[in-house]
Every structure is written in structure tokens, then in C-alpha cells.
Participant: 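Just dropping this structure here.
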Amino acid sequence: MIQQERMIVVRQSEIAHHIFELTLQGQIVQEMNPGQFVHIRVSDSFEPLLRRPISIANINKEAGEVTVIYRAEGRGTSILATKQVGDEVDVLGPIGNGFPVDAIPEKGTALLVGGGIGVPPLYELSKQLNARGIRTIHVFGFATENVTFYEDQFSTLGDTHFVTVDGTKGTKGFVTDLLEELKPEFDVFYSCGPLPMLRALENFYPDKPGYLSFEERMGCGIGACFACICKTTEQQEKDYVKVCSDGPVFPKGVVQL
Amino acid sequence: MIQQERMIVVRQSEIAHHIFELTLQGQIVQEMNPGQFVHIRVSDSFEPLLRRPISIANINKEAGEVTVIYRAEGRGTSILATKQVGDEVDVLGPIGNGFPVDAIPEKGTALLVGGGIGVPPLYELSKQLNARGIRTIHVFGFATENVTFYEDQFSTLGDTHFVTVDGTKGTKGFVTDLLEELKPEFDVFYSCGPLPMLRALENFYPDKPGYLSFEERMGCGIGACFACICKTTEQQEKDYVKVCSDGPVFPKGVVQL
Amino acid sequence: MSKLSIQLPGLDLKNPIMPASGCFGFGREYAQLYDLSKLGAIMIKATTVEKRLGNPTPRVAETPAGMLNAIGLQNPGLDKVMSEELPWLERFDVPIIANVAGTLTEDYVEVARRISTAPNVKALELNISCPNVKHGGITFGTDPVIARELVEAVKAVSKVPVYVKLSPNVTNIVEIAQAVEIGGADGITMINTLVGMRLDERTGKPVIANGTGGLSGPAVKPVAIRMVYEVYKAVEIPIIGMGGVTNTQDVIDFMSAGASAVAVGTANFVDHFVCSNIIDELPAKLKELGVTHIKEIIGRSHR
Amino acid sequence: MSKLSIQLPGLDLKNPIMPASGCFGFGREYAQLYDLSKLGAIMIKATTVEKRLGNPTPRVAETPAGMLNAIGLQNPGLDKVMSEELPWLERFDVPIIANVAGTLTEDYVEVARRISTAPNVKALELNISCPNVKHGGITFGTDPVIARELVEAVKAVSKVPVYVKLSPNVTNIVEIAQAVEIGGADGITMINTLVGMRLDERTGKPVIANGTGGLSGPAVKPVAIRMVYEVYKAVEIPIIGMGGVTNTQDVIDFMSAGASAVAVGTANFVDHFVCSNIIDELPAKLKELGVTHIKEIIGRSHR
Ligand SMILES: Cc1cc2nc3c(=O)[nH]c(=O)nc-3n(C[C@H](O)[C@H](O)[C@H](O)COP(=O)(O)OP(=O)(O)OC[C@H]3O[C@@H](n4cnc5c(N)ncnc54)[C@H](O)[C@@H]3O)c2cc1C
Ligand SMILES: Cc1cc2nc3c(=O)[nH]c(=O)nc-3n(C[C@H](O)[C@H](O)[C@H](O)COP(=O)(O)OP(=O)(O)OC[C@H]3O[C@@H](n4cnc5c(N)ncnc54)[C@H](O)[C@@H]3O)c2cc1C
Ligand SMILES: Cc1cc2nc3c(=O)[nH]c(=O)nc-3n(C[C@H](O)[C@H](O)[C@H](O)COP(=O)(O)O)c2cc1C
Ligand SMILES: Cc1cc2nc3c(=O)[nH]c(=O)nc-3n(C[C@H](O)[C@H](O)[C@H](O)COP(=O)(O)O)c2cc1C
Ligand code: FES
Ligand code: FES
């Protein structure tokens, strides 16, 4: 159930260039699943006005803590980056349908493909897949070395490969270049990242089941305002889906890419 | 000269109910005089948009510190009240023409009459008058006991009398009731407070020289926008004065009351 | 709570607070958060004869103390609204105000005729901010004659009172308000959004795919208050005010200016419990103002 | 700094940044803060034939990300502006744009005729947001015919190019822009303030003594950008854009939408060095955008 809660900042740090890791404590953590997101109000004033959707990167139900990882670039996320331990943050969540952890056969292998700030939700996903005994392969693309993060964290969970556009870390190029080279064996792929990456991936693995997480500008974040619509493919019965409440994760082939 | 400076909060505390004492450090303190004010931007965002005019209550040129005392009631002052030691505050100042400390004969007596949040500028004034060897009598009106402040500070400078509307501290009633009773002997009066008080005072001492500090809603705070106009009395050559740049202090008889 | 009750044509409101059209869908999502029976009324998303898929995305953009939207009246169409959305809403004890849109007078008439028969639809809200294709795309709500004629046509078929939602993008809103009053409107709702635009900082192109969007949120409140104030002086029919309401004080402000009830739009996206919270806070606010019934606030700016 | 220079009718601008009329007086106060020769131009406070004392106070009120003002065109009158203010401004190397106001066409004509002879006045800005007493108080700027006739009358006497300042409180701003272009306007400045109101929270009465006031500041920027964008497509004459500019990015946005230069109003009250700071920051911003001369930005939204 979606709730609105004033969560408490328990940790915040800059883990890469303009990339922040923020841990919040509160009741609503108990309801969270990988691939869902929270809708964060960064200020109690009306400037900026709208909430910011941010993916859930790490869930710790015992401690009642959730970690998000975000790039502080625009007006809202820059304000979020100033929050200090003990501050309250107004969070609406958890929202949406996340990654299906059980969409993969037992002892199977999952390919997790992330791009930039699309990588965070794959961390909790990978943790939960590993907990189910699934092998995970991580292939992540970033613009450049100084915006990469969580290499150690992912490496303890499975094979982890980085690719950067400028070649400053790992292979040079895009994730598909690396996949071409690695030719990983797997059962299901899960992905989150920029649209061109999702598109390339769908074309790259036409025969594999996959789940993609989408981004769209949001208003309400709960399905009421029709801001975050994606057109569906012709095979679908519905003409459109809402990223916030129907997604953000959809099986491949649902959303028109 | 008016300057814009990011001053540093060195102290802030609530000294009465919703009444805050804030001390800021910066270069512009060197230029300050009693009765002038500073124009404070309470937030770097545009919400709230306008600066807040606040009187200078205490100047410490050696330490480069200025103290202001304000009531945190509206949107802007409430934000100001959250500033913590070390925070920066954007201050424009010092602004306007303050109280003339030398408008009184040597060894003379000054009557300082303040109402509520009009009391603060009289503190620096009293300090400077006392430094010149002037005797000061302080008569201050407040709504109720829990919004009074600086009794000790003023008492060390001269006779200090409080009056409250509800009688919870000092005499019950208005400053004029108390003046009726005290019948103080003095040479010049200085006053800051609500308009009805200033009006009553002008009528009360028709034969004494006096200086009154005015309030008006402000835009620019420096004389450019014509927001803070007061009509002048018929005796004046100019039709109007600007509270920000011509005032906030005017000799009695200048402003139409 | 009877000190909050308001009677308006067709509407028996427990309290004067209702979500604005387009900001609350058909209620399903917010029903997850709180009991919709608490609300004074619900203004549902614009309904058109045929389903509409709306504009390309991005459809929203943030602006200083406001937002732009160009949803494009996306809705499932009259049939589905009648067969699925309205019956679902019947579980709540709350009157529904159906927002009616179209591009031809016939569209409005068709939606009004049928939707006004739904048992829980207690009033219509004519969204006259749509471009009228017959008159070369000129917006219904910007011409007093076209607006009046539309109201007359809808009034002729509607089984419930008709409120007309005014566009603020006009030189003289009083003229439009008087025209729809003459046309037979039972009430006025105002304001709809101001037309605005935001550009992408890097490319300089409009952020919203549609180019322009409708500005809403706190930024527009001064314009909305001014318009409610002006229209209140000029018409006899009641006004439901909106535009930038985010808290209880804003409700008092709109009612002071002359609104008999108040709708909350954009603020539902920022504080998802805002309508519910305002309803809880109103009694204390009335006490603070020394008022025994909220009706006494209506139009006090003018007294 | 020549990568910032802009040539417009009558105006040789070092850079496209100028304070907006009414927000900078006649320059004296801001001259205490920085060298006015740095500015592209200065739009001085509205000047009328006779001195005006303006409206009662309070004249300003704060609103979400904006403010209302009802100064009421207070100014010392044409004689004093000619004999004291303009000569004083001659010490700076900066073109002056004289904002001209009145309530009769004759008033505008008289001010325009005389003020356009001042050596440093390089252009006029006709403030057509004033009510026209002859036409029953209808604002000059809301009727295309009245607006065009006013421009024709002023053009007939002015010795310098005439820019017309458009009011945003109209149904169709393009129509007004085209009318003043036909009337002979050399350029357009836009937008003036939106009419708004704020109520006192306790009493419910308007905060501003005048009742309504003009809304300015960041809140109105989306409306201003939309209008500049629309007018740019419809006229050939250049536009000086304004409405909510607070920083360098806002300047880029207005120029992208089609403005050839940009005026900064309310922001001068918030950051008193804003014009000077923007001028300093523009070169780096152009570099960031990969542009060699600021002209290349003008109208890029449309390309
Ligand atoms: C489901 C979902 C999950 C996301 N998860 C993450 C995450 O884990 N980490 C992360 O860094 N980012 C994530 N994003 C993107 C993040 O929401 C935007 O980067 C952020 O909203 C930008 O806000 P700002 O204040 O920095 O920028 P501004 O420029 O101030 O934003 C202006 C407006 O545009 C919206 N906006 C701008 N960019 C985007 C975008 N890419 N997607 C949606 N809205 C946008 C903002 O929400 C705001 O309403 C996610 C987006 C979605 C939809
Ligand atoms: C020269 C001068 C000196 C002042 N000195 C002091 C002081 O030392 N201590 C103190 O507590 N107050 C002082 N005031 C009053 C103080 O400026 C206001 O209380 C304050 O601006 C209110 O801001 P807010 O954010 O609390 O209220 P809001 O309601 O958010 O204010 C909204 C707008 O109205 C303006 N405003 C509201 N009340 C006043 C007022 N009384 N005078 C001028 N503008 C107002 C605000 O500046 C702001 O622009 C002084 C005012 C002036 C003109
Ligand atoms: C996302 C969104 C969708 C809207 N859709 C509609 C609509 O379908 N019909 C309508 O009459 N108004 C619509 N509106 C306008 C609102 O009902 C309301 O008039 C306007 O937003 C001003 O109120 P606010 O500032 O409280 O949002 C919409 C507004 C928003 C923000
Ligand atoms: C206090 C104030 C006074 C103004 N006076 C005038 C004026 O005399 N003549 C005029 O044409 N515009 C006047 N304006 C309008 C501004 O020039 C400008 O068009 C408007 O404020 C929008 O710009 P901004 O949002 O940057 O302030 C005034 C604006 C303010 C805030
Ligand atoms: S953000 Fe409102 S429907 Fe998705
Ligand atoms: S506040 Fe602008 S002239 Fe005084």
C-alpha cells in the first residue's frame, strides 16, 4: 500500500561525482520491493513544487531502512543532496510494480543490464535474485569513470562488467558492445537505463524473456493524472500504460520503444 | 554605502515567544548606525521572493557583528528563525537614515518610546546616547508579558518601564497611559513602533523635538521602486518620502500620521 | 461538521473541499490513500464522447511554484466512464461533478445528456477551454457568444445543474461569466490553467511535447483570486474557486473573494492527503477567525 | 565582450541585459551599487506629463514565487525627468529607453514628443497597459485598434524608435502585437504584469490598497515565455523579453523563444546585482552552449 511518510535521514554521502547515496528510515520500508520507486518531496516549500521519483536501491527491512542513489543535477535533487542526518524527508511510496524476482527458473542465470542512474534498482534486485540462488551477471554502462559506483557491492553478488562511453573504465563503448563481446549465457534479462539502451537490448535479445524499467516525467506518481503515459505495442490490449502505477517495470514487448 | 553580503550566523536564539535574536558577522557592520535597517533574503530560492527589512538592534564593530531582533510570524521570518550557527544569510545594508544621536544637547535626557517589535532599534540608539553621556529613559509597550525582551539590557542603560496591553507585565495599558503617569522630563524623544503609537506620541508631546521610525511594505529597499511611500504633512516641500531611503527615521511632523 | 456544509445547485456538500478535474483521475488512486466519502465532492477527469489518448509525452514540466501540463484530455470515453468509473464511485457517499469536454457543441451535448443521468453525477462542469473546431479553433471559453450558446445547448439536455469552468486566458473574464449566466449556467467554476511554456535549458525547445501547457499551482493563485473577486461582484450564480490552493488558508482566501466552495488541483500531487488535511483543519481555522459557519466567510472581501 | 552586442532599432547594446521599467527608478539608487555603464540599456520608470503621486500604500504584496505591485505610475513628471533625471543619467555610457504612459492619447504624444529629444533617450517604450479614459477605461493594450492608433500617433512625433510594451492580460496577444506592428512600432517589449490580488489572511480584504496589483517575478515566466514564443512567430519587429528573469539561464530561455534582448524587473529587488551578474556570466554560458555570438540563440526554439 502506498503511504506518505516523513522519513528520517540516517546516512547521506556523495559516492561518485554528483552521485549521492541516501539512506532513509521509516515504516514504509516494510512494503518495498526491488524495482519500485519512491516519490520524494525535497522541500516543504512549493519551490520546487513536484515530487521526484527515485528508485529503491537497497532495502533493509530489519533496520527499517531504504537506500536510494541519485544524481544531484537539477533543482530538486540538488536540494535533496543538502539533507543531513536527522532531517526529515517527505516520501510517498512504495510505488509501482517492480522486477519480478520469481520470473526465472530455479538455479537459472539473470542478466542485469543498467545504464548510469538506472543501475541503482538493479542492486536490490540482484540481492534478492542471489538470495533465491539465481546467478547474476551485471553489465553496466556509464558515461565516464567518475560517475560509476557500487562496483564492490555488485562484484560480491556476481560477475560485474563496466563499460564507459569514453573508455575511462572497463571497455569503451555501450553495453551492447560489451554484450557482443561477452556473449553471456542467461535465462532472463532485467534492465534499467536510458531509452536507447532499452531499445538496443530488446533488439539484441529477441528470443529471451526480459523486464525493462522505464522513466517518464511525472505529476501525481500514483496513476491519477495521466502524465506518465507510454504507448503500448500493437500486440497489447490496452492502448497505453502508466509508468508510475502500471510500471515502472514492464515485460519486454509491452511498451512501444 | 549599501552593500550586499553573505553574512555568517554567529548566534541565534529565541529570547521571547516567537521573538528571535540573531547575530550576524560580516564587513558591512562597519558602516552601520542606530535606526538603520538591513534587508534580509531569508532563502536562496525564490520562495519567499522578497527581502525582509529588519532593524539593527546592536552593533559590535570590533567583532564585526550585528544583532537583529525579530518576530518569526510570517513565511519569511519563520525561515530566518531556522538558520543555524555557520549558515550564510544574504544581507543588503545598511540602509536608510537612522536616529540622529547628536540631535540632543550634551548632558541632556532622551525619552525612548518603543512598541513591540519596534523596541530593538532603540537598544543601539540608547547605547550610543549613553556613550555620549546622555541620560536615557525607556518606555516600552508590549501586548503581553511573554513577548517582552531585553529588560536587563535596557535597565543597565537607564530607567526602563514596561507596559502591557493585558497588564501581565508592568502597568496595564498603552505607552501613553504610562507616560501620563510618569511625566518624564526630557529634551528629545525617539520612537519606533506601530503607527497608532507614533501618532499618539506626536500629539502627546507637541512641543518637544522627536524622531519617529516608520514601517512600510517594501520592494527594492533602496529607493528605486516607490513601494514604501509615506505622504508628508502640508508643511513639507516634498509631497512624499520613501521609508527605505529617506527614512525609516524622520523628524516628527514630516510624515502625515 | 455541519459548520462546513454548503448547499449549491444540485450539490449538497458536507464541506466545500473537492479535488479539481484532471488531478484526481476517477478517484481510484486516491481511494487507496483515504476514504473519498470525506470529500465535499469529486470533480472527475474530463470526459469526451470517444476515448482520447491525449498528447505525446513529456506532458508535464515544473515551473517556479507551479507546473505546466498538456495531458490532452486523455480519458477512456463516455461509455467506459458510464459503465465502469461512475458505478465504481457509487461506493462512496460523495457527489460527483462530471467534467465535460469536446470540440463540437454536439460533443458536449452528447456527453452532458448521457452523463447527467448517472445516479451519482449531481452536477456537470463544462470545460470550455477546448478549441472549437467549427469556429476555426477559437476556444469556446474566450468568446462570450460562443460560450453562451454552448451553455444553452447543454442546459437543454442536462438532467443536473450545469457549472461552467472559465478559462483565465481572456481579456475580460467578467464578460464571459455574465454570458454563461445569461445562457443559464447554474454556477461557475474557475479558474482553469493559464497557457504557458517552458524551454529545455540545453536545446531551447519546449519541454512539453505539445509546445504549450497549462500553468497551475501556487504561482497562479493571485490571478485566480483576482478573477473570483471580479466575477463574484458581477454574477448571481455561485462560484467554485480554484487555482493554486495548497492549504486551509488558501481555501479561506478563495471563499473570502467570493467562492462558495473550493477545488484543489495540483496540490494533490505534492501532498497526496491535502484535501483530507484541509477538511480536518477547517474547523480550527473557523474558530481562529471567529466564525461559526463557513458560509459567513463567503464574499467577506467585499463587505 | 562583443559576442554579447546586439543592434536593435535605435539601440546599440553592449549586451542584451537591461533593467525593466519601474524596477530601477531613474538609476540613481543602483548607481550606488555598480557602474551603470555596464548595462545594455536602462528602461526608466514610466513618465507622464504631470507628476503623479501614485496609489495609497500598501503598494506591494508577496505571492508564491512572485509579487504584486500597484505603484500607480508615481513619477516626478515630464519636466523634472527632462531637467533632472535624464541629464544625470548622461554620465553613464548607456542608452536609455524611456517608458511613456498616460490616460489620453494626447498625454502619450506629449511625453513622446519631448522625451524623445533627450540626447540619451535612444528609444521609447509605450506602456499601453494604462486605462484609456476616452474609451471608458478600457486598457489601451487590450484592443488592437486602440493600440494601433496610439502607436501611429506616437510614431508621428517621436524622434527615436518606438517599442510597444504589451499587456499579457489579453485573450490574443498575437493580435495586439500585429496591430502595433502595422501601426509602425519598431519593436515590442513584453510582458507587463498579470493582474492579480492577494487577500489579508485575517480580514479577507485585499492587501494592496488599490485592490488589484500587477503580478511579476518567477511565477509569471512560463506565461511570458509562451507569449514571446507566439509573438516571435507572428511579427517581423524585434522583441525585448521580460517576465520573471532571475538568472542567466532565464535570459537564454527568453532569447531562445525569440527575444533579441531581455529586461530584468522584480529580480533587482531580490538580488540587487542581478543585471551585473548576468552580464558577467553570459560569456561562460554561451561557451557551454557552444555558441560564438549571443545572436545565434535568438529564436532557436523555432529552428
Ligand atoms: C521511476 C523512476 C525512477 C527513477 N529512479 C532514479 C534513480 O534511482 N536515481 C536517479 O538519479 N534518478 C532516477 N530517476 C530520474 C529522476 O527522477 C530525475 O533525475 C529527477 O526527477 C530530476 O530532478 P531534478 O530536480 O534533478 O531536475 P529538474 O530539472 O529540477 O526536474 C524538473 C522536473 O522534471 C522531472 N524530471 C527531470 N528529469 C527526469 C527524468 N529523467 N525522469 C523523470 N522525471 C524527470 C523532475 O521530476 C521534475 O518534475 C527516476 C525516474 C523515474 C521516472
Ligand atoms: C524599516 C523596517 C524595520 C523593521 N524592523 C523590524 C525589526 O527589527 N524586527 C521585526 O520583527 N520586524 C521589523 N520590521 C517588520 C518586518 O519587516 C516584518 O515583520 C517582516 O517583513 C514580515 O515578514 P514575514 O516573513 O514574517 O511575513 P510575511 O507575511 O510572509 O510577509 C509578506 C510580505 O509583507 C512584508 N511585510 C509584512 N509585514 C510587514 C511590516 N510590518 N513591515 C514591512 N513589511 C512587512 C514582508 O516583508 C513581505 O514582503 C521592520 C520593518 C521595516 C519596514
Ligand atoms: C494534470 C492536470 C490535468 C488537468 N485536467 C483537467 C481536465 O481534464 N479538465 C479541466 O477542466 N481541468 C483540468 N485541469 C485544470 C484543473 O482542474 C484546475 O482548474 C487547475 O489546475 C488550477 O487549479 P490548481 O492550481 O489547484 O491545479 C487539469 C490540471 C492539471 C494540473
Ligand atoms: C514595482 C514595479 C513597478 C513597475 N513599474 C512599471 C512601469 O512604470 N512601467 C512599465 O511599463 N512597467 C512597470 N513594471 C513592469 C515591469 O517593467 C515588468 O514588465 C514586469 O515586472 C515583468 O518583469 P519581472 O517579472 O522581471 O518583474 C513594474 C514592475 C514592478 C514590479
Ligand atoms: S504520474 Fe500521474 S499518472 Fe503517472
Ligand atoms: S522599497 Fe523601493 S522605494 Fe522603498
Side-chain angles (χ1 to χ4, degrees), chain B residues 1-6 28 31 38-53 73-77 79 90-96 195 214-232 236 238-247 255-256, chain D residues 19 21-34 44-46 51-76 201 207-209 213 216-219 221 244 246-247 250 265-274 276-277:
Chain B
M1 214 189 75
I2 301 174
Q3 281 171 279
Q4 195 171 304
E5 184 177 10
R6 291 187 78 83
I28 60 175
E31 311 260 344
V38 287
H39 213 25
I40 301 183
R41 186 169 176 192
V42 301
S43 155
D44 290 335
S45 98
F46 295 103
E47 193 40 23
L49 185 67
L50 298 174
R51 290 175 180 269
R52 273 31 183 186
E73 227 188 352
R75 222 158 37 128
T77 49
I79 293 173
D90 182 341
V91 177
L92 185 81
I95 305 184
L195 223 54
F214 289 82
E215 282 190 8
E216 196 46 80
R217 304 256 168 165
M218 294 191 177
C220 67
I222 65 169
C225 77
F226 294 93
C228 65
I229 294 306
C230 285
K231 282 218 181 105
T232 47
Q236 301 297 309
K238 288 185 75 175
D239 306 304
Y240 65 89
V241 286
K242 297 172 188 165
V243 170
C244 66
S245 52
D246 299 327
V255 172
Q256 224 180 77
Chain D
S21 179
C23 302
F24 211 74
F26 295 93
R28 288 183 194 264
E29 296 77 18
Y30 284 89
Q32 302 169 266
L33 303 182
Y34 59 88
I44 56 173
K45 176 77 193 156
K51 84 171 170 202
R52 286 183 55 137
L53 291 179
N55 292 321
T57 56
R59 295 176 170 188
V60 295
E62 198 177 48
T63 69
M67 67 174 280
L68 295 168
N69 88 81
I71 305 296
L73 299 181
Q74 176 156 20
N75 78 92
E201 309 201 335
V207 167
I208 291 203
S216 63
K221 189 187 149 195
T246 63
N247 60 34
D250 292 336
T266 304
N268 289 294
F269 307 162
V270 181
D271 173 2
H272 287 61
F273 290 83
V274 63
S276 171
N277 290 343

Participant: How long is the span from the NZ atom in Lys51(D) to the CG atom in Asp239(B), to the nearest 0.5 Å?
Facilitator: 3.5 Å
Participant: Whether the side chain of Glu216(B) engages the backbone of Thr57(D) through a donor-acceptor N/O pair (distance < 3.5 Å, no angle test) should be reported.
Facilitator: no
Participant: Can you tell me how far apart CZ (Phe269(D)) and CG (Leu92(B)) are? Round to the nearest 0.5 Å.
Facilitator: 12.5 Å
Participant: If the condition is salt bridge (Lys or Arg N to Asp or Glu O under 4.0 Å), which residues does Arg52(D) pass it with, not counting sequence neighbours?
Facilitator: none
Participant: Quick check on the interface: out of Asn55(D), Asn268(D), Thr63(D), Leu53(D), who has the most heavy-atom pairs with chain B under 4.5 Å?
Facilitator: Leu53(D)
Participant: Determine whether Ile2(B) and His272(D) make a side-chain contact, defined as any pair of heavy atoms from C-beta on separated by less than 4.5 Å.
Facilitator: no
Participant: When rounded to the nearest 0.5 angstrom, what is the spacing between CD1 in Ile71(D) and CD1 in Ile229(B)?
Facilitator: 8.0 Å
Participant: So, the side chain of Gln32(D) versus the backbone of Met1(B): is there a donor-acceptor pair under 3.5 Å, distance only?
Facilitator: no
Participant: Drop me the distance from Glu62(D)'s CD to Met218(B)'s CE, to the nearest 0.5 angstrom.
Facilitator: 14.0 Å
Participant: Among Cys23(D), Gly54(D), Gly27(D), Pro64(D), single out the residue with the greatest number of heavy-atom pairs under 4.5 Å to chain B.
Facilitator: Pro64(D)
Participant: What's the shortest heavy-atom distance between Leu50(B) and Met67(D), and which atoms?
Facilitator: CD2-SD, 3.9 Å
Participant: Restricting to non-hydrogen atoms, name the atom on Arg217(B) and the atom on Pro58(D) that form the minimum distance, rounded to 0.1 Å.
Facilitator: CG-CB, 3.8 Å
Participant: How long is the straight-line distance from CZ of Phe226(B) back to CG of Asn69(D), given to the nearest 0.5 Å?
Facilitator: 12.5 Å
Participant: Is it the side chain or the backbone of Lys238(B) that comes within 4.5 Å of chain D heavy atoms, both, or neither?
Facilitator: neither
Participant: Nearest 0.5 angstrom please: Arg41(B) CZ to Asp271(D) CG, how far?
Facilitator: 6.0 Å
